[in-house]
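Take a look at the structure below.
What you see is a predicted model; the values in this text were computed from it and never measured. Just so you know, ligand 1 is whichever comes first in the structure, and atom 1 is the first atom listed for that ligand. Any value given below was found using the heavy atoms of this structure, including those in side chains, with hydrogens, waters and symmetry copies removed.
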Amino acid sequence: MPHPQDQKRYIPALRYHWLTQSYDWALSRAMPEQAFKSALVSQADVRAGQRVLDFGCGTGTLTLMIEASEPGAEIVGVDVDEKALAIARAKSEANRSTIRLYQMSPGALPFSDCSFDRVFSCLVFHHLRRNEKRVALSECRRVLRPGGEMHIADWGRPASFLLRAGFLLTQMLDGFESTTDNARGLLPEFIRQAGFDTVVETEHFATAFGSLRLLRGTKVDAGSL
Ligand SMILES: C[S@@+](CC[C@H](N)C(=O)[O-])C[C@H]1O[C@@H](n2cnc3c(N)ncnc32)[C@H](O)[C@@H]1O
């Protein structure tokens, strides 16, 4: 059970707890949610028998999409917010899903080293301050097996003046402290600094709220070199 102080130290899905119940409704209307989540699932190419982690799974939409793409994989979602997880659990039950959902404390992941083949994270890193981003990336790399991949969808450097203006709305909602490094385009560099061997931007979505960028980081299997 997370310490009460820890529970305060995170930014909920729509910044305020009372808005969490409207998150799915808001995201599906304000963003091309199906398009970018499908692209993220598709680039990860999850196979039967693989173990997959959805870090910051929130209300579980992506987690369920990963399972639908490969029912033979073992899918685990973690989030700090019990309220978002309750929504994810209800959706999981309604879908007769076998995904497993856990509440975690901000910081360390409650899994052993090298225990996942894929780690997903969608719209989470802009909720984390710089040091939290670094800790989370290094934790995600730690739990990946050699040869494993991390697949991230998050805000990046706005590709135009208009997209920069749109991103101001995101920053006003989620706060400037955690989003400024995203706007500066620093996330790929942070992924490299966390020890990932290759970092590639795979896709860009121009949205009303800024430039959403899809990234892939690979933990090379030294044995295969
Ligand atoms: C914008 S929501 C994204 C939810 C989901 N991944 C999606 O794509 O719809 C951001 C999520 O990150 C979670 N979060 C914030 N800080 C976190 C942390 N330190 N560790 C894990 N999850 C965190 C929030 O609780 C929230 O559910």
Side-chain angles (χ1 to χ4, degrees), residues 2-3 5-41 44 52-67 75-92 99 101-111 118-140 142-143 150-155 167 169-175 177-179 181-182 187 190 205 207 209-210 212-215:
H3 188 277
Q5 274 308 107
D6 285 343
Q7 286 183 303
K8 285 195 198 126
R9 257 194 281 131
Y10 68 88
I11 303 170
L14 285 176
R15 188 159 187 178
Y16 303 103
H17 284 288
W18 61 274
L19 282 176
T20 299
Q21 63 201 17
S22 307
Y23 177 75
D24 281 351
W25 181 88
L27 195 69
S28 64
R29 276 151 189 87
M31 296 270 288
E33 184 186 16
Q34 276 297 319
F36 72 79
K37 287 187 174 172
S38 299
L40 195 67
V41 171
V52 180
L53 176 65
D54 185 6
F55 168 67
C57 64
T59 58
T61 305
L62 177 72
T63 333
L64 290 166
M65 287 172 73
I66 302 166
E67 182 184 50
I75 323 281
V76 178
V78 289
D79 201 285
V80 287
D81 187 353
E82 185 48 46
K83 199 165 177 185
L85 283 171
I87 297 172
R89 288 200 184 95
K91 284 156 69 175
S92 167
I99 59 171
L101 298 163
Y102 300 108
Q103 188 178 17
M104 62 174 281
S105 297
L109 284 170
F111 304 107
R118 297 281 183 275
V119 176
F120 286 76
S121 178
C122 183
L123 292 171
V124 180
F125 278 91
H126 73 282
H127 284 237
L128 310 181
R129 295 159 195 98
R130 181 176 288 189
N131 196 46
E132 294 166 342
K133 283 181 175 60
R134 292 190 188 284
V135 170
L137 284 166
S138 112
E139 277 294 283
C140 288
R142 178 184 67 75
V143 302
M150 170 137 203
H151 294 269
I152 297 178
D154 216 316
W155 303 112
F167 193 57
L169 297 173
T170 304
Q171 296 193 286
M172 285 193 276
L173 177 68
D174 289 325
E177 190 184 353
S178 61
T179 54
D181 286 339
N182 289 71
L187 197 50
F190 291 167
F205 290 82
T207 81
F209 298 95
L212 189 80
R213 299 187 184 270
L214 270 48
L215 305 165

For ligand 1, list every N/O pair with the protein closer than 3.5 Å, one pair per line with the distance.
residue: ligand 1; atom: 6 (N); partner: G56; partner atom: O; Å: 2.7
residue: ligand 1; atom: 6 (N); partner: C122; partner atom: O; Å: 2.8
residue: ligand 1; atom: 8 (O); partner: K37; partner atom: NZ; Å: 3.2
residue: ligand 1; atom: 8 (O); partner: C122; partner atom: O; Å: 3.2
residue: ligand 1; atom: 9 (O); partner: Y23; partner atom: OH; Å: 2.9
residue: ligand 1; atom: 9 (O); partner: K37; partner atom: NZ; Å: 2.8
residue: ligand 1; atom: 25 (O); partner: D79; partner atom: OD1; Å: 2.6
residue: ligand 1; atom: 27 (O); partner: D79; partner atom: OD1; Å: 3.4
residue: ligand 1; atom: 27 (O); partner: D79; partner atom: OD2; Å: 2.7

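- Remark: R213 engages E201 in a salt bridge (charged side-chain N to carboxylate O under 4.0 Å, His left out) (not counting sequence neighbours).
- Among residues two or more places apart in sequence or in another chain, the salt bridge (charged side-chain N to carboxylate O under 4.0 Å, His left out) test is passed with D181 by R130, R184.
- Inspection of the D24 and T59 side chains reveals an N or O donor paired with an N or O acceptor under 3.5 Å.
- A centroid separation of less than 6.0 Å is found between the aromatic rings of Y10 and H17.
- A donor-acceptor contact closer than 3.5 angstrom is absent between the side chains of N182 and H126.
- Pairs passing the salt bridge (Lys or Arg N to Asp or Glu O under 4.0 Å) check and including a residue from residues 30-40, sequence neighbours excluded, read E33-K37.
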